[in-house]
There are 2 protein chains.
Amino acid sequence: MSQQRHGVTPGNAPGDRAGAVPAFPDLPEATIARLPEYLRALHNLGDAAADTISSEGLAAAAGVNSAKLRKDLSHLGSYGTRGVGYDVTLLIEQIEYVLGLDQRRAVCLVGLGNLGHALAGYDGFASRGFKIVALFDADASKVGELIQGLEVRHIEDLGRVAVEENIAIGVIATPALAAQAVADVLVDAGVTSILNFAPCVLSVPANVDVRKVDLAIELQILSFHEHRKASLTALPGGRSAASAGNQEAVGS
Amino acid sequence: MSQQRHGVTPGNAPGDRAGAVPAFPDLPEATIARLPEYLRALHNLGDAAADTISSEGLAAAAGVNSAKLRKDLSHLGSYGTRGVGYDVTLLIEQIEYVLGLDQRRAVCLVGLGNLGHALAGYDGFASRGFKIVALFDADASKVGELIQGLEVRHIEDLGRVAVEENIAIGVIATPALAAQAVADVLVDAGVTSILNFAPCVLSVPANVDVRKVDLAIELQILSFHEHRKASLTALPGGRSAASAGNQEAVGS
DNA sequence: AGGCGCTTGTGAAGGCGTGCACAAATCGCG
DNA sequence: CGCGATTTGTGCACGCCTTCACAAGCGCCT
Ligand SMILES: NC(=O)c1ccc[n+]([C@@H]2O[C@H](COP(=O)([O-])OP(=O)(O)OC[C@H]3O[C@@H](n4cnc5c(N)ncnc54)[C@H](O)[C@@H]3O)[C@@H](O)[C@H]2O)c1
Ligand SMILES: NC(=O)c1ccc[n+]([C@@H]2O[C@H](COP(=O)([O-])OP(=O)(O)OC[C@H]3O[C@@H](n4cnc5c(N)ncnc54)[C@H](O)[C@@H]3O)[C@@H](O)[C@H]2O)c1
């Protein structure tokens, strides 16, 4: 439980720049969370623009400060060219390598209700190198159903299938009450990353990563800012304020 | 654009503790983001447990450090009792007041495709004081459709309906290409908080708060940690590490 | 009434992240 | 070939957040 902040100290063989990207930097978490945004911006720009981009330009496209962007990229030893900018293609390759997107990762989805159906039909998975290879549900009436060409299997088969398909990432879209049980099954099956949509805290071993997406929390944070804004408009210097949390709003 | 970090300095009338909760603390953003989690934990516990709870107990239920929890609660001037703990009912009231959940907030949802349908059918909105009062789509074949008893309207009606229903929060579930245009319409209609599911950066005036939920980013962050873990198992002291970003994993 | 155990609230310290400001590097052009 | 324009990479300072550690406060039991 104690947060051994991934004390990596990677075994970078001293002379291992055999043409490839450096071995493995231990990036700040804040940087990691932004890399996917840079990647998306690069893909959007790459379609129709020049083959290099300045930190200023990319930062604008990704909605961040340019100094932050440069520092982020410098962390992964990126090779920009002073006076010119970053090579778009090279940068995409680097970020994808660091994020491990060059290897296709098998994903399974548990819980095919309302939300699960939407997720199963989402093309944003495949377009980013993730492939949903299996669907699971506990409801016998759903087992066997075909969704996007994939058959819904019973959750009891998860252990077997996870090994067969080498599933690394599990997505939980069951009710909160079932989520912990599902997480346990996933962990037993060797899954080491979980994306949890159920509004609850999951307990997992230290080597398993959990991220959660909680709609209600997002709305409540917005609600707070609404509340605050409302209390401000009643004040003399009723200025408007910005930014909901880390997720900064970009001025128009 | 410059990040005026909501420089509030609220005009707290010096002697305004007229029986209610203190006027308006400017809470750290990190605290605000955790309050909903405490609230959920309290609701779960409140159902079947005692009428007070210790910081240790609540922290465990919310998956955080107990010192952090105490500091968070102290920020909103919470009245715990030393030697005893926090009064569950009172604490719920306080947090709900601060988050502005005592006032029902009207929400509209734009884009009723795959994801939009799931969101429209989600009961987690209503159970937290949010009410979806209108659905909008640009697709004429969808306009008129009834979803959960609500009729899908054309996006051109958004301006009018938003004023009628006093909509404060808009949820965007359209393709990324349409998201900016939808955001503009929402802003014009007076909406001041936006929850964006489309994978893109939105430009909005400084007084509008935007939060985004991006599935692909979450998966890519998990992918990074998978990548890192894989590179560690190949090392001599192949220890396992924990925590995916801020969203800490709880040890089993 | 007094003491004891428990729990809150907070001062202080350290770590992390951000953003400024500038030196170093590169390109293009005269 | 040299110079200026441009842009990267980063040292530094500042502020936010987290965590520890402990004094102050509260209730209960004797
Ligand atoms: N619908 C949304 O828009 C939305 C949004 C955010 C979060 N969520 C959360 O996502 C989760 C799912 O929401 P939903 O609306 O799809 O609910 P749902 O009830 O429609 O679907 C839940 C599915 O999980 C299956 N399930 C139940 N127990 C299971 C188990 N032990 N193993 C495997 N499958 C099991 C059920 O059979 C059902 O198919 C909930 O926790 C909800 O709070 C939903
Ligand atoms: N489906 C998922 O699980 C999922 C998950 C995460 C993010 N997303 C994102 O959410 C968004 C919606 O995903 P989806 O799968 O529901 O897509 P979808 O194509 O099924 O639905 C999009 C809907 O938006 C409507 N629309 C298009 N332009 C519009 C406009 N200008 N105004 C109003 N409505 C408009 C369309 O008519 C359609 O009904 C996408 O940006 C997607 O990337 C989806």
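Naming convention: chains lettered A, B, ... in sequence-line order (proteins, then strands); numbering from 1 in each chain. Not measured: the values here are computed from a predicted model. Quick note: numbers below take in every heavy atom, side chains included, and nothing from hydrogens, waters or symmetry partners.
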I'd like to know if [X] pairs up with [Y] as an ion pair, taking the criterion as any Lys NZ or Arg NE/NH1/NH2 lying under 4.0 Å from an Asp or Glu carboxylate oxygen.
X	Y	result
B:Arg40	A:Asp214	yes
A:Arg34	A:Glu29	no
B:Glu56	B:Arg70	no

What heavy-atom pair brings [X] and [Y] nearest, and what distance separates the two atoms?
X	Y	answer
A:Tyr38	A:Ala62	CD2-CB, 3.7 Å
A:Asn207	B:Lys229	O-NZ, 3.1 Å
B:Ala216	A:Gly124	CB-O, 4.5 Å

Between atom [atom1] in [X] and atom [atom2] in [N], what is the gap in whole Å?
X	N	atom1	atom2	value
A:Glu29	D:dT18	CD	P	14 Å
A:Tyr38	D:dT8	OH	P	13 Å
B:Asp87	C:dT7	CG	P	16 Å
B:Tyr79	C:dT10	OH	C1'	16 Å

Mind listing the N/O atom pairs, protein and nucleotides 12-14 of chain D, below 3.5 Å?
residue	atom	partner	partner atom	Å
D:dC12	N4	A:Lys71	NZ	3.3

Could you list the protein-to-nucleotides 27-30 of chain D atom pairs, N/O on both sides, closer than 3.5 Å?
none

> When you check the side-chain N and O atoms of B:Thr31 and B:Asp72, is any donor under 3.5 Å from an acceptor?
Replying inline: yes
> Considering only heavy atoms from C-beta outward, does the side chain of A:Leu115 approach that of A:Phe197 to under 4.5 Å?
Replying inline: yes
With respect to the side chain of [X], which nucleotide from [options] is positioned closest?
X	options	result
A:Ser74	D:dT8, C:dG17, D:dG9	D:dG9
A:Ser54	D:dC20, D:dT8, C:dT8	D:dT8
B:Ala67	D:dC20, C:dT18, C:dG9	D:dC20

> Taking only N and O in the side chain of B:Arg70, is any of them less than 4.0 Å away from OP1 or OP2 of D:dT18?
Replying inline: no
